[in-house]
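Worksheet: the structure to be examined is printed underneath.
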Amino acid sequence: MIFIAVKFRVLPESADRWPEIARDFTEATRSEEGCLWFDWSRGVEDPNEYVLLEAFRDEDAGAAHVQSEHFKTAQQTLPPHLAETPRVINTPVQQDDWSLLGEMAVDSES
């Protein structure tokens, strides 16, 4: 799979509304055939920072995402709400889902 982590520093006046601002993009991406997940989290220490964790089945699915109309629309609609250019990590991973963190295993899952 292709695993992507993106940090978005959002303008303070847009931070509380960011989930709504990004909703169409989020929903469209989640409905893509090759999207495994597309999950937003808000910073605990910095409420103006959102982290997006996303994964796509393979390179072809990732390329289809970047070429989609909703991605092109997001390139126009999201930047006016950002304080800086998002930072990204994009890497292939040899698995297709999350692994369990054995070092913090929960007894009820055994």
Side-chain angles (χ1 to χ4, degrees):
M1 75 175 160
I2 303 300
F3 180 79
I4 304 165
V6 189
K7 286 190 172 192
F8 289 81
R9 178 133 358 252
V10 178
L11 293 170
E13 60 270 22
S14 296
D16 286 341
R17 296 182 308 111
W18 183 254
E20 177 186 333
I21 291 165
R23 179 169 287 127
D24 289 345
F25 177 53
T26 299
E27 290 176 358
T29 301
R30 286 177 177 166
S31 70
E32 291 177 26
E33 181 182 336
C35 180
L36 300 176
W37 62 80
F38 195 85
D39 297 328
W40 292 97
S41 296
R42 190 172 190 178
V44 173
E45 295 178 13
D46 181 356
N48 297 325
E49 182 173 81
Y50 282 83
V51 175
L52 173 62
L53 296 180
E54 53 186 305
F56 296 89
R57 180 186 61 239
D58 53 28
E59 289 184 23
D60 290 341
H65 168 63
V66 173
Q67 295 168 6
S68 70
E69 283 304 313
H70 54 271
F71 188 90
K72 292 174 186 173
T73 298
Q75 288 178 295
Q76 301 302 312
T77 60
L78 299 185
H81 300 280
L82 300 176
E84 63 185 37
T85 301
R87 293 164 288 148
V88 64
I89 297 171
N90 181 329
T91 189
V93 178
Q94 296 302 313
Q95 58 192 73
D96 60 5
D97 202 355
W98 292 92
S99 298
L100 295 178
L101 181 60
E103 296 83 357
M104 294 189 187
V106 176
D107 288 337
S108 63
E109 294 178 346
S110 304

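- Note: His81 NE2 to Arg17 CZ = 6.0 Å, rounded to the nearest 0.5 Å.
- To the nearest 0.5 Å, atom CG of residue Asn90 and atom CD of residue Glu54 are 8.0 Å apart.
- Defined by atom type and a distance below 3.5 Å, a donor-acceptor pair is missing between the side-chain atoms of His70 and Glu27.
- Residue Glu13 holds its CD atom at 9.0 Å from CG of Asn48, rounded to the nearest 0.5 Å.
- The hydrophobic cluster around Ile2 extends to Ile4, Val6, Phe8, Val10, Trp18, Ile21, Phe25, Phe38, Trp40, Tyr50, Leu52, Phe56, Val66, Phe71, Leu78, Leu82, Val88, counting ILVMFWY residues whose side-chain heavy atoms fall within less than 4.5 Å of a member.
- To the nearest 0.5 Å, atom CE of residue Met1 and atom CD of residue Gln95 are 4.5 Å apart.
- Nearest heavy-atom pair, Glu33 versus Arg57, reported as atom, atom and distance to 0.1 Å: O-NH1, 3.8 Å.
- Between Ile89 and Phe3 the shortest side-chain heavy-atom distance does not fall below 4.5 Å.
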- Task: Let me see the working for Ser68 and Glu32 under side-chain contact (heavy atoms from CB on, under 4.5 Å), right down to the final yes or no.
- Result: CA-CA 9 Å; Ser68 70; Glu32 291 177 26; 4.2 Å; yes
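- Annotation: the span from Lys7 atom NZ to Asp46 atom CG amounts to 9.5 Å, rounded to 0.5 Å.
- Under a 4.5 Å side-chain heavy-atom criterion applied to ILVMFWY residues, the cluster that includes Leu101 comprises Met104 as well.
- When the shell of 6.0 Å around CD of Glu59 is examined, it contains 12 or fewer heavy atoms from other residues, nucleotides or ligands.
- Taking both residues in full, the closest heavy atoms of Pro79 and Ala74 are given as CD-O, 3.4 Å, listed atom of the first, atom of the second, then distance.
- The distance from the CG atom of Asp24 to the OG1 atom of Thr29 is 10.5 Å, given to the nearest 0.5 Å.
- Listed here is the closest heavy atom pair of Ala61 and Gly34: CB-CA, 3.7 Å.
- With hydrogens and angles ignored, the 3.5 Å screen pairs a side-chain donor or acceptor of Arg42 with a backbone N or O of Pro47.
- Considering all non-hydrogen atoms of both residues, Pro80 and Leu11 come closest at O-CD1, 3.4 Å.
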